[in-house]
**Student:** 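There's a structure below that I have some questions on.
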Amino acid sequence: MDILKPDLMWLEGRCYRINPQHSSFRGDIDDQYSEDEYTDENLDCPVEEPYEDFEIETIGNGRYRTSFHVARCYFPIVIGSKGVVRRRLENETRTQIQVPKQGQDGHIVITGASRSGVEAAHRRVDLIVAAARNRQQFTHFLSIPLNGESVQKRFHQFKEEVLDLCGHSRGISASIFQAPEKLHLTLGTLVIMDAEERERAAQCLTLCKESIVQPLLRGETLAVRMVGVEYMNDDPAEVDILYGKVHVEGNDNSHVLQDLADGIVGHFTSRGMMQKQYERVKLHVTLMNTLFRSEESSDIDSDKQRPRESFDATGILKNFSDFDFGEHLLSGVHLSLRYSRTPSGYYQATAEINFT
């Protein structure tokens, strides 16, 4: 890590520095408290001064208490191997931290003799959970379907022509193309681990309609056109993902889609539901992805552990730089479940909002 440009973590609208890791997180969290090891030494003080934005109640004997939800898969991380993490947090903040028993759901309860100590312990637990969540594969993502009939038809044509003209190029095969029914704009990714987190994310998306979508669209429709292809690495001969370029039709509202995407992602980020990656959302539609590659089928959602083989996109970029995939009227935003498929072919929606 460049010490002049440290890794940052956004949590509830505040930015924290992440120091070099001293331990690893496996992604799939065991429920065996005694076998999990995690330290919070990699979490530095906040870049921005923290402030209290959660409820702390006064209980008997002048003590303070706060209670908050944490998905039970993170309990081992908060407790640590043989309870070392919890004991350190309790000692440093002079609080008592109660975690539900193994296999049980429930809230983490923190009590202490001072409000500041309870608040500090709450923040430390939040950061530990956020750091663990940050190293997991995402489970859901915010998507805007771009899979109208005309776009799907043009995408089929694109695929056939690419395989005909460039199929001889290294790494190009039918299996790395997106399924036409799943074409979409990706706004951002989330890790959601239980029903309460799903409900919270759904409520967050619902709030976006009133606070972001409606003020921007003002009852108008939003049509986009996808023309041309692009990649995001330095070598066109070593590409893992090829994207379609999207722009809003009409000059008067060309900024609306970008503002809408930035607003929604900012809303989720400020509430700790996702991590902020860029200042502005990179609007993109995945057309080809080497993670989709399969020797036996074109199952695009296969996530088997296998070496990732890039492809040579030089010919595609030369021959399809201005390929017109057509126009599509955007219908809304979905909180989509990764690796899912509905009868229509699109991802299953945990929640969604319409633009109309």
**Student:** Strictly distance-based, threshold 3.5 Å: is any side-chain N or O of Arg338 a donor or acceptor partner for the main-chain N or O of Phe138?
**Tutor:** yes
**Student:** Holding to side-chain hydrogen bond (donor to acceptor under 3.5 Å, both in side chains), I want the full list of residues that pass it with Thr186, two or more places apart in sequence or in another chain.
**Tutor:** His184
**Student:** Testing the basics here: between Cys204 and Arg271, what is the closest heavy-atom pair and its distance to 0.1 Å?
**Tutor:** SG-CD, 3.7 Å
**Student:** Under 6.0 Å between the ring centres of Phe177 and Phe292?
**Tutor:** no
**Student:** Write down the atom of Thr206, the atom of Ile353, and the distance for their closest heavy-atom approach.
**Tutor:** CA-CG2, 4.0 Å
**Student:** Would you say that more than 12 heavy atoms from the other residues, nucleotides or ligands in this model lie under 6.0 Å from the CZ of Arg170, or not?
**Tutor:** yes
**Student:** List the residues meeting side-chain hydrogen bond (donor to acceptor under 3.5 Å, both in side chains) with Thr286, not counting sequence neighbours, and say none if there are none.
**Tutor:** none
**Student:** Would you indicate whether the side-chain heavy atoms of Arg88 and Thr93 approach each other to under 4.5 Å?
**Tutor:** no
**Student:** Rounded to the nearest 0.5 Å, what's the gap from CG on Asp262 to CG on Leu283? Could you check?
**Tutor:** 7.5 Å
**Student:** Hey, are the side chains of Ser169 and Phe311 touching, using non-hydrogen atoms and a 4.5 Å cut-off?
**Tutor:** no
**Student:** Residues in side-chain contact (heavy atoms from CB on, under 4.5 Å) with Glu199, at least two apart?
**Tutor:** Gln203
**Student:** Any donor and acceptor pair, going by atom type alone, linking the side chain of His284 with main-chain N or O of Lys282 inside 3.5 Å?
**Tutor:** yes
**Student:** Heavy-atom distance under 4.5 Å between the side chains of Val227 and Lys245, does that happen here?
**Tutor:** no
**Student:** Under the 4.5 Å side-chain heavy-atom rule for ILVMFWY, direct or indirect, which residues accompany Tyr243?
**Tutor:** Met232, Ile241
**Student:** Compare every heavy atom of Gln348 with every heavy atom of Thr342, then report the nearest pair and how far apart it is.
**Tutor:** CG2-CA, 3.5 Å
**Student:** Considering only residues two or more places apart or on different chains, which pairs with a residue in residues 89-109 satisfy ring-ring contact (aromatic ring centres under 6.0 Å, His included)?
**Tutor:** His69-His107
**Student:** Does Ala113 have any side-chain contact (heavy atoms from CB on, under 4.5 Å) partners at least two apart in sequence or in another chain, and if so, which?
**Tutor:** Arg63
**Student:** With sequence neighbours excluded, tell me which residues meet side-chain contact (heavy atoms from CB on, under 4.5 Å) with Arg218.
**Tutor:** none
**Student:** Within the side chain of Thr66, is there an N or O that forms a donor-acceptor pair under 3.5 Å with the backbone of Glu55?
**Tutor:** yes
**Student:** Calculate, to the nearest 0.5 Å, the distance between atoms OH and CD1 belonging to Tyr74 and Ile108 respectively.
**Tutor:** 12.0 Å
**Student:** How close do Leu187 and Ala261 get, heavy atom to heavy atom, and via which atoms?
**Tutor:** CD2-CB, 3.7 Å
**Student:** Quick check: do Gln258 and Val281 have side-chain heavy atoms less than 4.5 Å from each other?
**Tutor:** yes
**Student:** Quick one, Glu119 with Arg124, criterion salt bridge (Lys or Arg N to Asp or Glu O under 4.0 Å). Give me CA distance, side-chain angles, the key distance, then yes/no.
**Tutor:** CA-CA 9 Å; Glu119 179 181 351; Arg124 294 280 290 276; over 6 Å; no
**Student:** Keeping Asp164 on the side-chain end and Glu160 on the backbone end, is there a donor-acceptor pair under 3.5 Å?
**Tutor:** no
**Student:** Donor-acceptor pair, distance only, cut-off 3.5 Å: does the side chain of Asn91 make one with the backbone of Arg87?
**Tutor:** yes
**Student:** Only counting residues at least two apart or in another chain, list the ones meeting side-chain contact (heavy atoms from CB on, under 4.5 Å) with Arg86.
**Tutor:** Ile79, Glu90, Ile97, Val99
**Student:** What's the spacing between Arg198 CZ and Leu337 CG if we round to 0.5 Å?
**Tutor:** 9.0 Å
**Student:** To the nearest 0.5 Å, tell me how far Cys166 SG sits from Asp312 CG.
**Tutor:** 9.0 Å
**Student:** Looking at Asp259 and Arg280, is any side-chain nitrogen of the basic one under 4.0 Å from a carboxylate oxygen of the acidic one?
**Tutor:** yes
**Student:** Looking only at atom types and distance, does a side-chain atom of Arg133 sit under 3.5 Å from a main-chain N or O of Val191, one as donor and one as acceptor?
**Tutor:** yes
**Student:** Taking all non-hydrogen atoms of both residues, which atom of Tyr64 and which atom of Ser114 are closest, and how far apart?
**Tutor:** CD1-C, 3.6 Å
**Student:** Other than Leu329, which residues form its hydrophobic cluster under the rule that side-chain heavy atoms must be closer than 4.5 Å?
**Tutor:** none
**Student:** Is there a ring pair (Phe, Tyr, Trp, His ring centres under 6.0 Å) between His334 and Tyr347? Walk through the geometry before answering.
**Tutor:** CA-CA 9 Å; His334 291 209; Tyr347 298 94; 9.6 Å; no
**Student:** For Glu238 and Ser310, run side-chain hydrogen bond (donor to acceptor under 3.5 Å, both in side chains): C-alpha distance rounded to whole Å, both residues' side-chain angles, the deciding distance at 0.1 Å, then the answer.
**Tutor:** CA-CA 5 Å; Glu238 296 287 345; Ser310 65; 2.5 Å; yes
**Student:** Could you tell me which residues satisfy ring pair (Phe, Tyr, Trp, His ring centres under 6.0 Å) with Phe268, sequence neighbours excluded, listed by chain and number?
**Tutor:** none
**Student:** Between side-chain atoms of residues 140-148 and protein atoms elsewhere (two or more places apart, or another chain), which donor-acceptor pairs fall under 3.5 Å?
**Tutor:**
unit_1, atom_1, unit_2, atom_2, d
His140, NE2, Thr350, OG1, 3.4
Ser143, OG, Ser336, OG, 2.8
Ser143, OG, Tyr346, OH, 2.7
Asn147, ND2, Glu181, O, 2.8

**Student:** For Thr290 and Asp240, which I'm curious about, is there any donor-acceptor pair between the side chains at under 3.5 Å?
**Tutor:** yes
**Student:** Can you check whether Glu57's main-chain N or O pairs, donor with acceptor, with Arg115's side chain at less than 3.5 Å?
**Tutor:** no
**Student:** Tabulate below the donor-acceptor pairs under 3.5 Å that side-chain atoms of residues 207-217 make, not counting sequence neighbours, or state none.
**Tutor:**
unit_1, atom_1, unit_2, atom_2, d
Lys209, NZ, Asn354, O, 3.4
Lys209, NZ, Thr356, O, 3.4
Ser211, OG, Leu207, O, 2.9

**Student:** Specify the closest pair of heavy atoms between Gly112 and Val118, including all atoms of both residues, with the distance to one decimal.
**Tutor:** N-CG2, 3.5 Å
**Student:** Are the charged groups of Asp324 and Arg225 less than 4.0 angstrom apart, N to O?
**Tutor:** yes
**Student:** Output the distance between atom OG (Ser67) and atom NE2 (His122), rounded to the nearest 0.5 Å.
**Tutor:** 8.5 Å
